[in-house]
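For reference, the structure is listed below as structure tokens.
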2 protein chains.
Amino acid sequence: MLNILIIDDEADMRHLIEMYLGNSGFACFSAESGFEAYGILENNVMDLVIMDIMMPGEDGFEVCSQIRKKSNVPIIFLSAKGEEWDKVKALQIGGDDYIVKPFSPGELVARINAVLRRTGGLKSDMDSIRIGKVAIDMKARKVSVAGKHVTLTLKEYELLLFFIEHKNQALSREQLLEYIWGIDYTGSLRTVDTHIKTLRMKLGVGDYIQTVWGVGYKFEVPDE
Amino acid sequence: MLNILIIDDEADMRHLIEMYLGNSGFACFSAESGFEAYGILENNVMDLVIMDIMMPGEDGFEVCSQIRKKSNVPIIFLSAKGEEWDKVKALQIGGDDYIVKPFSPGELVARINAVLRRTGGLKSDMDSIRIGKVAIDMKARKVSVAGKHVTLTLKEYELLLFFIEHKNQALSREQLLEYIWGIDYTGSLRTVDTHIKTLRMKLGVGDYIQTVWGVGYKFEVPDE
DNA sequence: TGCAGATTTCAAGATCCTTTCACATTTATC
DNA sequence: GATAAATGTGAAAGGATCTTGAAATCTGCA
């Protein structure tokens with residue numbers, strides 16, 4: 001699930017885009033001003049930003065340059081027909097594409113996919129995993145849940161990875177200890193419980209890690 | 001046995017599809033509205049959804065996006081010829097295929113199989129067992145009956161597995177205790193009865209576990 | 001060395017599972 | 001049918017397993 005941030009002062013337009021994108025399997029965040037957007041970007045991992053150019057207060061130009069100071073997230077600009085903006089300008093100020101209102105849902109999704117493909121946002125390498133709301137960047141050893149970064153300790157991270165490699169399998173404490181702590185671990189089985197506890201807490205709602213009574217634990221993937 | 005959910009406001013169409021699919025070995029569930037469908041999806045494991053696009057109230061578009069929030073179950077859309085929908089749109093909003101009414105039973109089944117193959121719904125690993133309406137995922141230690149998840153306790157699960165390994169054999173309480181509880185079990189024979197009781201209840205109708213008077217119990221497999 | 005964060009241990013409390021028991025019901029046998 | 005033996009069932013005691021918070025220990029690093 002990719003996260004898209006919509007920045008537009010008009011609530012109707014935000015909702016319309018949210019609906020379009022929601023139906024196409026994107027997770028939407030929205031902000032009615034640059035100020036609000038900065039807060040969202042601070043705490044969440046966005047895969048793409050869609051932003052109106054004409055906004056009261058900070059306009060798209062300024063917001064874009066603010067965002068660019070910290071992030072290379074792809075940005076698509078929206079503009080009403082007749083406004084004196086064109087694709088060249090959009091690209092000059094750091095945008096990635098440009099759509100003229102009104103647009104069809106299909107056009108929007110197509111543009112988004114094109115931009116993501118071009119900027120590498122649709123990476124299909126094995127260095128990142130997404131499962132439910134949990135995203136893992138293996139290269140950076142970084143984990144986010146529903147777009148929010150969470151910092152995991154070494155054991156928590158290894159546990160999570162092992163769970164995901166063996167998703168939907170009931171795993172005993174012995175198995176987990178053997179594979180993560182090593183064959184020569186001699187401590188208590190209860191150690192696993194404590195790490196499960198903290199990992200559950202950090203993964204938040206979702207009940208990814210389920211207790212299999214009398215057996216161990218299981219990472220259950222939503223749906224299927 | 002794969003479960004297919006049919007969502008269509010027209011009863012005739014639902015029945016027609018049910019008949020087609022029933023004859024091809026699918027188990028059908030049907031709903032006449034999105035609302036009804038959500039309830040079914042909540043409590044059952046569906047392998048595929050067939051949904052009309054044009055429905056009063058929530059249309060296929062909306063229902064699809066609701067379902068997509070929780071599940072990746074494959075969705076095939078139905079549309080009457082002439083409606084202004086095309087395959088591209090169906091796919092954009094999260095569908096997996098698209099069939100124009102009227103269609104033949106053969107076409108429907110072919111499309112279903114194609115989608116299931118594409119989405120990996122036709123997996124045939126040896127880690128799962130299907131017997132009658134009972135499906136067991138051994139790795140996940142998960143059991144479902146007629147598509148409904150049931151949670152078994154440790155002893156119930158082991159009993160069920162032992163029964164299935166020795167299906168159609170009359171097993172004495174002593175045997176069951178020896179193999180499941182262990183050779184050193186010293187408790188009452190009647191303990192088995194209680195677990196049989198709860199297991200029977202959880203497996204629901206079907207009379208899988210039969211009493212062999214004076215001997216013990218037997219897991220009888222319904223004729224395929 | 002001293003600190004901060006990570007890891008492990010521990011134990012009380014919560015939760016769930018198992019077993020037992022008493023009584024109801026069914027079945028076999030005379 | 002009557003009777004005894006075997007099985008079904010609900011409730012509740014008893015056990016085992018998890019969860020959780022806190023404290024102790026370890027580890028890497030300045």
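All figures in this text were calculated on a predicted structure; none of them were measured in a lab.
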*asked:* Would you call the rings of B:H166 and B:Y179 parallel, tilted or perpendicular, taking 30° and 60° as the class edges?
replied: tilted
Within the sub-3.5 Å range, which N or O atoms of nucleotides 25-30 of chain C have a protein N or O partner, and how far apart are they?
none

*Starting from P on D:dT20, measure out to CD1 on A:I209 and report it in whole angstrom.*
12 Å
*Report yes or no: do B:E58 and B:Y38 form a side-chain donor-acceptor pair below 3.5 Å?*
yes
*Indicate yes or no: does B:D9 engage B:R14 in a salt bridge with an N to O separation below 4.0 Å.*
no
_Which residue is it: A:Q175, A:Q169, A:R173? I am looking for the one with a side-chain hydrogen bond (donor to acceptor under 3.5 Å, both in side chains) to A:Y217._
A:R173
*asked:* Counting the atoms with a prime plus P, OP1 and OP2 as sugar-phosphate, which does B:Y217 contact under 4.0 Å by heavy atoms, base, sugar-phosphate, or nothing?
replied: sugar-phosphate
*Rounding to a whole Å, what distance do you find between A:I196:CD1 and D:dT17:P?*
17 Å
*Taking NZ from A:K202 and P from C:dG5, how many angstroms apart are they, rounded to a whole number?*
12 Å
*asked:* So for the helix from C:dT1-D:dA30 to C:dC30-D:dG1, with five pairs setting each end axis, what is the inter-axis angle to 10°?
replied: 40°
_Option among A:H15, A:E18, A:E36 that satisfies the side-chain hydrogen bond (donor to acceptor under 3.5 Å, both in side chains) test with A:S30_ = A:E18
*asked:* Quick test of your reading of the model: are A:D207 and A:R200 salt-bridged, counting only N-O distances below 4.0 Å?
replied: no
*Can a donor-acceptor pair be found between the side chains of B:T191 and B:Y185 at a distance below 3.5 Å?*
yes
*Hey, is the main chain of B:T153 close enough, under 3.5 Å, to the side chain of B:E156 for a donor-acceptor pair?*
yes
*asked:* So for atom CZ, which belongs to B:F35, do other residues, nucleotides or ligands contribute more than 12 heavy atoms lying within a distance under 6.0 Å?
replied: no
_Value in whole Å for how far the P atom of D:dC18 lies from CG of A:L171_ = 14 Å
_Output the rounded distance in Å from CG (B:D193) to C1' (D:dT9)._
10 Å
*Hey, is NZ on A:K202 packed in by over 12 heavy atoms from elsewhere, all under 6.0 Å?*
yes
So which protein N/O to nucleotides 7-14 of chain C N/O distances come out below 3.5 Å?
residue	atom	partner	partner atom	Å
C:dT7	OP1	A:K155	N	3.2
C:dT7	OP2	A:T153	OG1	2.5
C:dT8	OP1	A:W181	NE1	3.0
C:dT8	OP2	A:W181	NE1	2.8
C:dT8	OP2	A:H195	NE2	3.1
C:dT9	OP2	A:Y185	OH	3.2
C:dT9	OP2	A:S188	N	2.9
C:dT9	OP2	A:T191	OG1	2.6
C:dT9	O4	A:T194	OG1	3.2

*To the nearest Å, how far apart are A:R141 CZ and C:dA6 P?*
10 Å
*Earlier contact from the 5' end, DNA chain D, for B:R173 and B:M201*: B:R173
_Verdict with reasoning, B:I129 to B:I164, per side-chain contact (heavy atoms from CB on, under 4.5 Å)_ = CA-CA 9 Å; B:I129 298 174; B:I164 286 179; 4.3 Å; yes
